[in-house]
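Taking it in order: structure first as structure tokens, then the write-up.
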Amino acid sequence: MNRRLTAIVGIAALVALAGCAGFAGTATPTDGDEAQLERNIEVTATGEATSAPDRATLRVAVTATGSDAAAVRDELAAGEEDLRAALTEWGLSDDAIRTERYDVQESYETRDDPNRTRYQGVHQYAIELDDVDAVGEVIDVAIDAGADEVQRIEFGLSEETEREVREEAITQAMSNADADAAALADASGLEVSGVYEVSTGRSQSRPYVAQTYESAAGGDAGAATAVESGDVSVSVSVNVVYEAAPA
């Protein structure tokens, strides 16, 4: 798996000195005994790690229009049957194809004209793939089966991979926090003597969203739609309280 670490500079830091108004800090030890640190350094830092995606989600839609709402619903139902049949025949399980939106309503263009009523319907699907290399092929299958729109192509991580990448991001965040604490201690005439308390803060996984794809329609026979892909990033922030002593 192609993976790289990206350093993110610590975004907030505070040196707390006992006896200085507004700067005295307290913390709760892990053994449950209450204590007050004479000197401490508090740091918030962020780390980020990236990985090639191993999951993808496609959002496609079947649309229909007509002068009768029931006819539009029937057309969407027929479209669903064709789409699911094609995708399951290709190899997807039925659970990998789920409805995300279903809507039939009168067109805004004709609501004020009683003599010209028209309805429009949309059935949007999310298609989950474990094989990111098959995204273009599945798009072609969906379009050939009657999908009218490809609305979003998103690359992400499986739970196992995301957990591994998050651990790397935490390691990077702690490295950044250590560096910030050392710099603050040096600037304050202190030295770091240990870690007193640590916790994770905000954690975020950012999928890669394909902005463009090149349709195979009208191209070479057997060619699949080409989809741009990229790395997925996971960021984690840590909050660390360091024990400090005079240098």
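Without hydrogens or angle criteria, Asn239 side chain to Thr44 main chain gives no donor-acceptor distance under 3.5 Å. Judged by distance alone, the side chain of Asp140 and the main-chain N or O of Thr225 form a donor-acceptor pair under 3.5 Å. When atom types are taken as modelled, the side chain of Ser188 and the backbone of Leu184 share a donor-acceptor pair closer than 3.5 angstrom. At least one donor-acceptor pair closer than 3.5 Å links the side chain of Thr88 to the backbone N or O of Arg84.
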**Item:** side chain to side chain contact (heavy atoms under 4.5 Å, CB included) between Val135 and Leu58, worked out
**Value:** CA-CA 8 Å; Val135 168; Leu58 313 179; 3.4 Å; yes
**Request:** Under the side chain to side chain contact (heavy atoms under 4.5 Å, CB included) rule, what do Ile127 and Val138 come out as? Steps first, then yes or no, please.
**Result:** CA-CA 9 Å; Ile127 304 169; Val138 171; 4.2 Å; yes
**Asked** Does the pair Glu197 and Glu243 meet the rule for a side chain to side chain contact (heavy atoms under 4.5 Å, CB included), with working shown?
**Response** CA-CA 9 Å; Glu197 189 175 76; Glu243 295 183 65; over 6 Å; no
**Request:** Begin with the C-alpha distance, continue with both residues' side-chain angles, and end with the deciding distance and a verdict on side chain to side chain donor-acceptor pair (under 3.5 Å) for Gln124 and Gln151.
**Result:** CA-CA 9 Å; Gln124 182 190 67; Gln151 298 177 332; 2.2 Å; yes
**Residues Glu128, Arg55; criterion salt bridge (charged side-chain N to carboxylate O under 4.0 Å, His left out); working and verdict** = CA-CA 7 Å; Glu128 302 284 351; Arg55 287 186 65 83; 3.4 Å; yes
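A salt bridge links Arg59 with Glu100: the closest approach of a Lys/Arg side-chain nitrogen to an acidic carboxylate oxygen falls below 4.0 angstrom. Salt bridge annotation for Arg118-Glu106: absent, with no cationic side-chain nitrogen under 4.0 angstrom from a carboxylate oxygen. The pair Arg163-Glu168 does not count as a salt bridge, with every side-chain nitrogen at least 4.0 angstrom from each carboxylate oxygen.
Contact annotation: the side chain of Leu129 never approaches that of Thr57 to less than 4.5 Å [non-hydrogen atoms, C-beta and beyond]. Under the 4.5 Å side-chain criterion, counting only non-hydrogen atoms from C-beta, Ser235 is not in contact with Ser203. The shortest distance between side-chain heavy atoms of Val241 and Ile41 does not fall below 4.5 Å. Side-chain contact between Arg166 and Val236 is present, with at least one heavy-atom pair separated by less than 4.5 Å. Within the 4.5 Å cutoff, side-chain heavy atoms of Ser205 are placed close to those of Val234. Leu76 places a side-chain heavy atom less than 4.5 Å from the side chain of Tyr102. Within the 4.5 Å cutoff, the side chain of Asp54 has no heavy atoms near those of the Asp130 side chain. Contact annotation: the side chain of Asp103 approaches that of Gln105 to within less than 4.5 Å [non-hydrogen atoms, C-beta and beyond].
No single ILVMFWY cluster, assembled from side-chain heavy atoms under 4.5 Å apart, contains both Val122 and Val72. Put simply, Val209 and Ile139 are part of two different groups of oily side chains (I, L, V, M, F, W, Y) that touch within less than 4.5 Å, one to the next. In the hydrophobic clustering of ILVMFWY residues, with side-chain heavy atoms under 4.5 Å counting as a link, Leu92 and Val132 come out together.
Atom CG of Leu87 is separated from atom OG of Ser93 by 10.5 Å, given to the nearest 0.5 angstrom. Between atom CD of residue Glu191 and atom CZ of residue Arg39 there is a gap of 11.0 Å, rounded to the nearest 0.5 Å. Put simply, CD1 on Ile153 and OH on Tyr208 are 10.5 Å apart, with the number rounded to the nearest 0.5 Å. In this structure, Glu164 CD and Thr161 OG1 are separated by 5.5 Å, a value rounded to the nearest 0.5 Å.
The two atoms that bring Ser237 and Thr46 nearest to each other are CB-OG1, 3.8 Å, heavy atoms only. Contact between Val62 and Gly79 at its shortest, heavy atoms only, is CG1-CA, 4.2 Å. Looking at every heavy atom in both residues, Tyr242 comes nearest to Ala177 through OH-C, 3.2 Å. Between Ala210 and Val227, the closest heavy-atom pair is CB-CG1, 4.0 Å. Taking both residues in full, the closest heavy atoms of Pro53 and Leu157 are given as CA-CD2, 3.9 Å, listed atom of the first, atom of the second, then distance. Of all heavy-atom pairs between Phe155 and Val232, the closest is O-CG2, 3.5 Å.
The local environment of CD in Glu228 is crowded, with over 12 non-hydrogen atoms from other residues, nucleotides or ligands closer than 6.0 Å.
Applying the ring pair (Phe, Tyr, Trp, His ring centres under 6.0 Å) criterion to Tyr125, with sequence neighbours excluded, gives His123.
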